[in-house]
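Everything on this sheet refers to the single structure shown next.
Predicted model, so just to flag it, every value in this text is computed and none were measured. All chains are named by letter (A, B, ...) in the order of the sequence lines, taking the proteins before the strands, and each is independently numbered beginning at 1.
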Number of protein chains: 2
Amino acid sequence: MSTVLVRFSEARTRTPEETLRKIERPPTITDVAALAGVSAGTASKALNGRGALRPETRQRVHQAAEQLGFTGNAAARALGTGRTYTVGMITTDSIGRFSIPLMMGAEDALGAGRVSVFLCDARDDPIREQYYLRTLLSRNVDGLIVTGRRTQARPPIATSLPVPVVYAFISSDDPADCSVVPDEADGAERAIRHLLSLGRRRIAHVTGPEHHHSARVRAGTTEDTLAGEGLALVVPTMFGEWSEAWGRQAAGILLSTATGFDAVFCGSDQIARGVAETLRAAGRHIPQDVALVGFDNWDVMVDGCQPPLTSIDMDLEGIGRTAAEMLLDAINGSPVPGRHRRPCRLVPRTSTAVG
Amino acid sequence: MSTVLVRFSEARTRTPEETLRKIERPPTITDVAALAGVSAGTASKALNGRGALRPETRQRVHQAAEQLGFTGNAAARALGTGRTYTVGMITTDSIGRFSIPLMMGAEDALGAGRVSVFLCDARDDPIREQYYLRTLLSRNVDGLIVTGRRTQARPPIATSLPVPVVYAFISSDDPADCSVVPDEADGAERAIRHLLSLGRRRIAHVTGPEHHHSARVRAGTTEDTLAGEGLALVVPTMFGEWSEAWGRQAAGILLSTATGFDAVFCGSDQIARGVAETLRAAGRHIPQDVALVGFDNWDVMVDGCQPPLTSIDMDLEGIGRTAAEMLLDAINGSPVPGRHRRPCRLVPRTSTAVG
DNA sequence: GAAACGAAGGAAACCGGTTGCCTCGCACAC
DNA sequence: GTGTGCGAGGCAACCGGTTTCCTTCGTTTC
């Protein structure tokens, strides 16, 4: 028995010299406690502001912790308290242009809450998705953020998880889940109202594939907004692809068939860029002859475009941040279920400048 | 004493019915052990292939684990073994176009090794960087990957860390550190040799700012490669910015001053796109009159360009993957110090097509 | 038939931080 | 002088998995 105790004590405590010397192993709370002349439990209470301690003792412990550069062992803390201060972020399709700002926003909000993020890229593969889900759960994450490239609602990643989930950009088709999504209808309406405010009345709409949720929503709102003013598109919505090539092609069609148009609202900046190129090549001046509005406010596109492109910004970073904040709320016991739509913002540039 | 034992047993074991019923709390190894009719220690040995157990017992434990969906508590495992099977990935500047493929490659290689990734975005802020470093260390990551936007060597993120570090894309200026970087000189040489193989001899080079490491390296190799063939650039390397606007401007200068040129090698795809646009507008045909090569092989740029752009691919994903593999090696005790250059790849497209 | 050996599995220490409970000692009241 | 109350801090259980040591068999050997 005494042998055991001796070994125990050898393993747990160090002499003050040892403690102050450079030590390879990171300092434990026992080291801090020893240096402050208190027990480990007391040290813990001092550092966490719990228990009934003399201010002077608390101070001494804090000083010892600082001196040793004590940060604490996250695994041990997690084991005891059940909270890991980590969340998992799963991008259902690959990490791409849309996921990045979302991730940055989320990571920003979470980092401020001293929460670390596990990054998982499921690459559109349900098997990878479930693998990551299991991994994250076995790591006892406090919550999950699910993101993806499409705004269309998707089936929940799982039913009855032990931790809260927030969907960002994409949404769950279970209305009881918490989702934070851009209000794309709002974005489309802003674009149209902006064009109307410039006096444009003969507007065309070129966008992505009809089976794509975003394309349908934006087109629908575009038509509805015009209808509300007693107007209509000069030609029916032109569905195609999310590419510059389609933008160029569509502009060609417009030039050859439309009886006249003074504005084009495009479903993406890439499409808008293609449209701009072809219109310019055909001698149409932007914005004098044709005003042009894109969607996404993607820097390299709006800046590379000639002239610089007015566009709709979905504030992806804000969506990521909001999602993270809602996740933190849910973790702390105040979930905010439902689909939360966040407004878009119109960023005016030369392509719709007046004069 | 007996009270203690009773409480202990209440907390630790569940009746078989409880165990098989839907339980909110994830199953522990004690649950598995109980279901298999062995002790927790034996269950651990069975699942980890250690100890001396009858094959039939091992089998029974595995079956019980499967039945309960046992994955194990990562924090507990980490606490006991000291290994967390996590690594931290710090992007020194913001997550962007270059970081993403790197991250994807690294995450891919690590995920295959059952290692999870903590994502940290230091946003060019040394304070954030050190904050993340401390956080990651207190989480006992097994290793670190440091990435960033620039290829230029940077000071080591810290001296004498308790875990291995691998730099990806960027490199540490301590040659003893392990860095995996693209061989940009190789990329530039491939571009020039490609143009030479097409019979082009009057080559111009338009690139980014002279103070930028990548621009200098690529320009230097461009000139050296030409010199090796007894040739020189038609005009000295044109340093500017990494933007389409600069590409357009540079092309304008070329058209007005150069006595003649049949190829332009650009330091980035964005520059190349700007060059292409201006040349086309001036009536020069690509590739017939002027062959064009970019750098980065950035999909939206090379595909959006007219015509599609031949470009140099640095294989960022491969760099990320290699970095992760080297980190895993280092974690397992076989570090491979030094700066590792990985070759580039030329991706031919219409902008240098023959005929 | 007893000693020796090895296979199989259990008991408990251990990782490090947290927390409930208990003790100690001092101050104050009766 | 004894009792009560409370402030301060220590002790040890606990989280869940791993690992070391030890016990308990059954089998072999002389």
Between A/L53 and B/L47, which has a closest nucleotide on DNA chain D that is more 5'? A/L53
Applying salt bridge (charged side-chain N to carboxylate O under 4.0 Å, His left out) as the test, list every pair that has at least one member in residues 42-56 of chain B; sequence neighbours left out. B/R54-B/E56, B/E56-B/R60
Any protein N or O atoms within reach of nucleotides 26-28 of chain C? Criterion: under 3.5 Å, listing atom names and distances.
none

Which atom pairs, donor and acceptor, lie under 3.5 Å between side-chain atoms of residues 157-164 of chain A and protein residues at least two apart or in another chain?
none

Quickly work out the A/R83 CZ to C/dG16 C1' distance and round it to whole Å. 19 Å
Let me check the geometry of the helix from C/dG1-D/dC30 to C/dC30-D/dG1. What is the bend angle between the axes at its two ends, five pairs each, to 10°? 70°
How many Å lie between CG on B/D31 and P on D/dG16, as a whole number? 9 Å
Contacts of A/R83 that satisfy salt bridge (Lys or Arg N to Asp or Glu O under 4.0 Å) - sequence neighbours left out: A/D142
Contacts under 3.5 Å, N or O only, protein and nucleotides 19-23 of chain C:
residue	atom	partner	partner atom	Å
C/dT19	OP2	A/R50	NE	2.8
C/dG20	O6	A/K45	NZ	3.0

Grab the CG-C1' distance between A/L79 and C/dC15 for me, whole Å please. 9 Å
With no hydrogens and no angle check, just 3.5 Å: does a side-chain donor-acceptor pair link B/S138 and B/T135? no
For B/E66, which residues count as a salt bridge (Lys or Arg N to Asp or Glu O under 4.0 Å) partner, sequence neighbours excluded? none
At under 4.0 Å, does any side-chain N or O of B/R77 touch on OP1 or OP2 of D/dG16? no
Going by the rule salt bridge (Lys or Arg N to Asp or Glu O under 4.0 Å), which residues pair with B/R154 if we only count those two or more places apart in sequence or in a different chain? B/E129
Calculate the interatomic distance between B/R60 atom CZ and C/dG9 atom P; express it in whole Å. 7 Å
Between C1' of D/dG7 and CZ of A/R58, the distance in whole Å: 12 Å
With A/Q59 via side chain to side chain contact (heavy atoms under 4.5 Å, CB included) - residues at least two apart: A/Q63
Which listed nucleotide (C/dG9, D/dG9, D/dG17) is nearest to the side chain of B/T57? C/dG9
Comparing B/R54 and B/G80 on DNA chain C - which has the more 5′ nearest nucleotide: B/R54
Not counting sequence neighbours, which residues clear salt bridge (Lys or Arg N to Asp or Glu O under 4.0 Å) with A/D174? List them please. none
Can you name the residues that form a ring pair (Phe, Tyr, Trp, His ring centres under 6.0 Å) with A/Y167, not counting sequence neighbours? none
Are more than 12 heavy atoms from other residues, nucleotides or ligands located less than 6.0 Å from atom OH of B/Y85? no
Mind checking what makes ring pair (Phe, Tyr, Trp, His ring centres under 6.0 Å) contact with A/F118, not counting sequence neighbours? B/F118
Whole angstrom is fine here: how far is it from CD1 in B/I29 over to P in D/dC15? 15 Å
